[in-house]
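Not measured: the values here are computed from a predicted model.
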2 protein chains.
Amino acid sequence: MTRRRTQDERSAETRRLLLEATIQSLMEVGYANTSTAGIARRAGVSRGAQTHHYPGKMDLIVAATGEMFANFADGLESLAAELREGRLDLDGFFEAAWDNVLKGDWFYSSLEIIVAARGDKELRRQLAPLILDLHEKFEATWSRSFVAAEPGTVSARVAMNLVMNVFRGMAVQAVLRRDERYFREMLDALKAVIAVHVRPAP
Amino acid sequence: MTRRRTQDERSAETRRLLLEATIQSLMEVGYANTSTAGIARRAGVSRGAQTHHYPGKMDLIVAATGEMFANFADGLESLAAELREGRLDLDGFFEAAWDNVLKGDWFYSSLEIIVAARGDKELRRQLAPLILDLHEKFEATWSRSFVAAEPGTVSARVAMNLVMNVFRGMAVQAVLRRDERYFREMLDALKAVIAVHVRPAP
DNA sequence: ATTAACAAACCGTTCGGCCGGTTTTTATGA
DNA sequence: TCATAAAAACCGGCCGAACGGTTTGTTAAT
């Protein structure tokens, strides 16, 4: 018998289960195969409870996206913190960041959502502020953690955004072609190309 | 009254209409909102004719993907040919390639398909050889058209693959954040960073 | 007792696949 | 050359499954 819980505790737990199940479902079967019923089943929550907390599918998606983006920004910031504290060098940072992208749940889940948003104006409207916030957090992390190695050519901020875009592109490619050697080659080249322009902040 | 056509002509025309409609539908409303009935309607073809030529939805998707990849490789190769013939410099090539990615139908259509394939083993299996072929065509174009500027560090082939991955990543980002100034900044930085390593083939 | 949380059945819609029938082209052979 | 059988292209309705949303009822907290 579970002990008595407050309404807030019950709500928070149910919502947490639902958002986790949403992210997991997006990761495992993709947006196209993600249904509200399936999410409720994964979460071990009745469909009624799901509709109570998140009346529409979009509410579920938007809330889960907020969760994912926050986790993503936190993960990257904590990696950058290790860099600033000297417990990670530039190479190590790139490796760890790429590993996070490819192995973590968040990247492909958010990719599914972004692609879905392309065909859904309302979803796009609701996600726009979230992505803007995410980018601001990124840029804050970059400017805290990196400086330009050659002032005047490419700023650390822009260079790191380039790196993130390479990761995004490679991750998309990895869906159909998971070629370990190819990615190794790319990653090493990326490090060589970018290291010229970026240094860890002093 | 249309004149008498051979069976081959009728088939070819119907298939062409269907594949064009498929690509257009993926581009405009995304994979999630693309239905076989919708494709037939766009193509101006009966549902029966559609099932005759492409029995399953996957047959349509796979055939359309083949078409798109071929067009993509051709477009990029013809741009590279302009570069080789001196009618385009490296900057111009980057600009034109990026424009193709962002403005053309093929990129977002193929992104929809790749993401859909992530959650569909059979689709992934059928698309794998197509993407392999596309990459081979890319690499052929790269090695025909570019050489390393600083031998020994980063090969032209790898550098150009990096560029394509940046484009992919930026295009995904553009779905939720179409910030012209940001993309300009990225593109200029990319040109500056890559020009160090790559030159048009002599 | 009132309200929030939870439960489950129900409904209208859409989708992909299927199938029986029709029209157009092609192959055949006298 | 021409009737005709065969094959290919085309048509449109039908079906079961799955989905998202709604609604009505029950349990737990306040």
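In the region residues 17-43 of chain B, proximity to DNA chain C at under 4.0 angstrom, judged on heavy atoms, holds for B:Thr34, B:Ser35, B:Thr36. Scanning residues 112-121 of chain B for heavy-atom distances under 4.0 Å to DNA chain C yields an empty list. Contacts of residues 61-68 of chain B with DNA chain C (heavy atom under 4.0 Å): none.
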Distances for protein N or O near nucleotides 10-12 of chain D N or O, under 3.5 Å:
residue : atom : partner : partner atom : Å
D:dC10  : OP1  : B:Thr14 : OG1          : 2.9
D:dC10  : OP2  : B:Thr14 : OG1          : 3.3
D:dC10  : OP2  : B:His53 : NE2          : 2.5
D:dC11  : OP2  : B:Ser46 : N            : 3.3
D:dC11  : OP2  : B:Ser46 : OG           : 2.9
D:dC11  : O5'  : B:Ser46 : OG           : 3.4
D:dG12  : N7   : B:Gly48 : N            : 3.3

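Remark: B:Arg41 CZ is loosely packed, at most 12 non-hydrogen atoms of other residues, nucleotides or ligands lying under 6.0 Å away.
Screening residues 129-140 of chain B for side-chain hydrogen bond (donor to acceptor under 3.5 Å, both in side chains), with sequence neighbours left out, gives A:Gln173-B:His135, A:Arg177-B:His135, B:Asp133-B:Lys137, B:Glu139-B:Arg157, B:Glu139-B:Asn161. Here ring pair (Phe, Tyr, Trp, His ring centres under 6.0 Å) pairs that include residues 26-58 of chain B, with residues two or more places apart or in two chains, number zero.
Checking each of A:Glu112, A:Glu28, A:Met68 against A:Ile23 for a side chain to side chain contact (heavy atoms under 4.5 Å, CB included) leaves exactly one that passes, namely A:Met68.
For B:Val147, the side chain to side chain contact (heavy atoms under 4.5 Å, CB included) test picks out B:Arg199, B:Ala201, B:Pro202, with sequence neighbours left out. Looking at residues two or more places apart in sequence or on another chain, you find a side chain to side chain contact (heavy atoms under 4.5 Å, CB included) between B:Glu122 and B:Met58, B:Asp120, B:Arg125, B:Gln126. Applying the ring-ring contact (aromatic ring centres under 6.0 Å, His included) rule to A:Trp106 yields the partners A:Phe72; only residues at least two apart in sequence or on another chain are considered. The ring-ring contact (aromatic ring centres under 6.0 Å, His included) search around A:Phe69 returns none, not counting sequence neighbours. With sequence neighbours left out, the side-chain hydrogen bond (donor to acceptor under 3.5 Å, both in side chains) criterion links A:Ser25 to A:Thr34. For A:Thr153, the side chain to side chain contact (heavy atoms under 4.5 Å, CB included) partners at least two apart in sequence or on another chain are A:Glu150, A:His197.
For B:Phe93 and B:Phe146, the ring centers are positioned less than 6.0 Å apart.
For the atom pair B:Arg84 CZ and B:Ser145 OG, the distance stands at 4.0 Å (nearest 0.5 Å).
Straight-line distance from the NZ atom of A:Lys57 to the P atom of D:dG21: 8 Å, rounded to whole Å. Distance CD (B:Glu9) to P (C:dT24): 16 Å, rounded to an integer number of Å. Between A:Gln50 atom CD and D:dC19 atom P there is a gap of 12 Å when expressed in whole angstrom units. Atom CZ in A:Arg15 sits about 7 Å away from atom P in C:dA5, given to the nearest Å.
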